[in-house]
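Per chain, numbering begins at 1; letters A, B, ... match sequence-line order.
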2 protein chains.
Amino acid sequence: MKQKDTKQNILDAAEELFAVDGYHGTSLRTITKKAGVNLASVNYHFGSKEELVVEVLRRRLVPLNESRIKKLQKVLLDEKLLQQPVGVEAIMRSFIEPTLKFRDASPGAMSFLSLIGRALAEPDDTVRKKFASMMEPVFHLMLEGLVKALPGYPKEVLFWRLHFTIGATSHTLRCIDNVPMDKEGKMGTLSTEKLVAMLLPFVTAGMEAPL
Amino acid sequence: MKQKDTKQNILDAAEELFAVDGYHGTSLRTITKKAGVNLASVNYHFGSKEELVVEVLRRRLVPLNESRIKKLQKVLLDEKLLQQPVGVEAIMRSFIEPTLKFRDASPGAMSFLSLIGRALAEPDDTVRKKFASMMEPVFHLMLEGLVKALPGYPKEVLFWRLHFTIGATSHTLRCIDNVPMDKEGKMGTLSTEKLVAMLLPFVTAGMEAPL
DNA sequence: GTTTATTTTAAACACTTGTTTGAAAAATGC
DNA sequence: GCATTTTTCAAACAAGTGTTTAAAATAAAC
């Protein structure tokens with residue numbers, strides 16, 4: 001049974017190529033050539049290029065979001081039991097840490113992070129909306145937690161600050177291994193821990209900023 | 001003399017279309033049709049599609065960055081004369097305020113902001129690098145100011161936090177008029193002032209976060 | 001082992017892409 | 001008003017796109 005291999009190979013190749021050259025910038029011929037399969041197999045197994053990229057996203061994003069939600073629910077529950085106020089940093093950490101830890105998990109994961117960083121910026125409606133719908137439960141739960149953690153802050157403000165957080169994170173993911181913008185050469189790649197150590201205080205302080 | 005009109009029409013049409021559908025997603029035929037000019041005129045006046053998008057960026061980004069730098073230099077000079085410590089918020093404001101004020105300046109400016117939000121995420125090396133080189137002086141001057149404003153903070157930390165700021169800002173610009181990610185429908189468009197009022201405290205607090 | 005069902009393959013399809021061409025048209029210089 | 005340069009235009013170009021087709025090869029079912 002070769003089916004599993006073919007599908008997997010296509011997904012792996014597509015993931016890497018989409019991450020580097022974007023959705024529009026990658027052709028099915030490039031993907032199938034890299035995957036070592038026939039051109040027509042993409043349409044046979046996935047239906048179309050669009051359904052392929054959705055599957056590429058889903059394959060990794062669904063488990064990633066599950067681990068994010070799991071961690072987040074644990075944080076919210078723990079603090080409910082302890083009757084302590086919910087910590088903003090703990091909420092933010094439950095989003096950021098699985099994201100960046102994910103990087104070291106599997107070999108293809110790193111290029112996937114560039115891809116999801118790009119997916120938010122994708123002009124294509126179908127792809128972006130599909131991506132947004134996969135992210136929605138996480139976003140919703142975080143906002144819920146933040147409302148409890150920061151009483152007195154209008155929900156609209158927290159909504160926008162969460163929006164900014166996603167912007168900062170996705171931008172970081174997108175250019176995770178080649179940070180431009182520096183005159184004196186690149187800043188070099190950071191380890192996952194160091195990156196968390198950088199990003200987490202930033203978004204936490206931003207979220208807690210006085211009104 | 002029709003030349004000016006033709007070039008201008010192409011730039012205007014390209015700006016709007018690139019902003020909505022991205023660089024790869026917009027064809028020269030769509031652009032020239034919208035501009036009401038002949039297909040060949042893009043290659044005649046600009047050389048190629050790539051040189052066109054660079055010109056679209058340059059036309060608005062150069063003056064925008066000039067006003068950013070002007071404002072920034074004034075802030076840095078003022079505080080030098082007054083011998084006060086440089087305020088982080090003033091530095092961040094000199095970046096964000098002109099950006100968002102720019103939105104109300106000219107009719108095409110709004111779609112341009114979506115475009116520069118997208119330019120950072122552009123997979124195309126040429127476009128992204130050109131964009132980065134136009135942004136570099138602003139980035140450099142801001143980092144310089146921040147080093148003075150936050151003594152004791154390692155430059156590397158400030159570099160990354162500035163990086164996060166750009167991520168948050170560009171993400172906001174990109175989906176400035178259709179914020180997804182919300183279950184209960186869109187949050188609606190915000191006025192420029194309100195958007196500054198939201199973004200500025202976030203990035204300022206993030207920049208000043210304890211180490 | 002034969003018969004289904006599934007998967008792979010090469011070729012072609014219909015279409016779009018950015019770019020080039022050479023002649024017609026318009027503007028400019030004097 | 002003529003000559004020259006600049007700009008416009010329709011047409012064609014070569015290359016690349018996602019997708020479909022029908023036959024060949026492989027796997028599964030019984």
>> Taking side chain to side chain donor-acceptor pair (under 3.5 Å) as the definition, give me every residue that meets it alongside B:T165, ordered by chain and number, with sequence neighbours left out.
In response: none

>> Taking side chain to side chain donor-acceptor pair (under 3.5 Å) as the definition, give me every residue that meets it alongside A:S67, ordered by chain and number, with sequence neighbours left out.
In response: none

Could you state the [atom1]-[atom2] distance from [X] to [N], rounded to the nearest angstrom?
X: A:F18; N: D:dG18; atom1: CZ; atom2: C1'; result: 12 Å
X: A:L52; N: D:dT17; atom1: CG; atom2: C1'; result: 15 Å
X: B:K7; N: D:dT8; atom1: NZ; atom2: P; result: 11 Å
X: A:H24; N: C:dT16; atom1: NE2; atom2: P; result: 15 Å
X: A:I10; N: C:dT8; atom1: CD1; atom2: C1'; result: 11 Å
X: B:E51; N: C:dG18; atom1: CD; atom2: P; result: 14 Å
X: B:E50; N: C:dT19; atom1: CD; atom2: P; result: 8 Å
X: A:L28; N: D:dG18; atom1: CG; atom2: P; result: 4 Å

>> Taking the ring of A:F139 and the ring of A:F95, is the distance between their centroids below 6.0 Å?
In response: no

>> By the 4.0 Å heavy-atom rule, please label B:T32 as base, sugar-phosphate, or nothing.
In response: nothing

> Which part of the nucleic acid, if any, lies within contact of B:T26, taking any heavy atom under 4.0 Å across all strands shown: a base, the sugar-phosphate backbone alone, or nothing?
Replying inline: sugar-phosphate

> Would a distance-only check, ignoring hydrogens and angles, find a side-chain to backbone donor-acceptor pair under 3.5 Å from B:R68 to B:V138?
Replying inline: no

Is the shortest side-chain N/O distance from [X] to OP1 or OP2 of [N] below 4.0 Å?
X: B:T6; N: D:dT8; result: yes
X: B:H45; N: D:dT8; result: yes
X: A:N38; N: C:dT7; result: no

> Name the stems that DNA chain C belongs to, where each is three or more consecutive Watson-Crick or G-U pairs with both distances under 3.5 Å?
Replying inline: C:1-6 with D:25-30, C:8-23 with D:8-23, C:25-27 with D:4-6

Using nucleotides 14-16 of chain D, report all nitrogen or oxygen pairs with the protein that are shorter than 3.5 Å.
none

Identify every side-chain donor-acceptor pair in residues 20-28 of chain A under 3.5 Å, counting partners at least two apart or on other chains, and give the distances.
residue, atom, partner, partner atom, Å
A:Y23, OH, A:E50, N, 3.3
A:T26, OG1, A:L17, O, 3.3
A:T26, OG1, A:G22, O, 2.7
A:S27, OG, A:T30, N, 3.2
A:S27, OG, A:T30, OG1, 2.7

Could you run down the sub-3.5 Å N/O contacts of the protein with nucleotides 20-25 of chain D?
none

Applying side-chain contact (heavy atoms from CB on, under 4.5 Å), can you list everything that pairs with [X], at least two apart in sequence or on another chain?
X: B:E66; answer: B:V62
X: B:A14; answer: B:F18, B:I31, B:L52, B:V56
X: A:V157; answer: A:P154, A:R161, A:L211, B:M198

> Do the side-chain N and O atoms of B:S133 and B:E136 include a donor-acceptor pair separated by under 3.5 angstrom?
Replying inline: no

> Which residue pairs pass the salt bridge (charged side-chain N to carboxylate O under 4.0 Å, His left out) test when at least one of the two sits in residues 86-101 of chain B, sequence neighbours left out?
Replying inline: B:K71-B:E97, B:E89-B:R93, B:R93-B:E97

> What residues, two or more places apart in sequence or in another chain, satisfy ring pair (Phe, Tyr, Trp, His ring centres under 6.0 Å) together with A:F102?
Replying inline: A:F112

>> For A:R60, give me all partners under salt bridge (charged side-chain N to carboxylate O under 4.0 Å, His left out), at least two apart in sequence or on another chain.
In response: A:E15

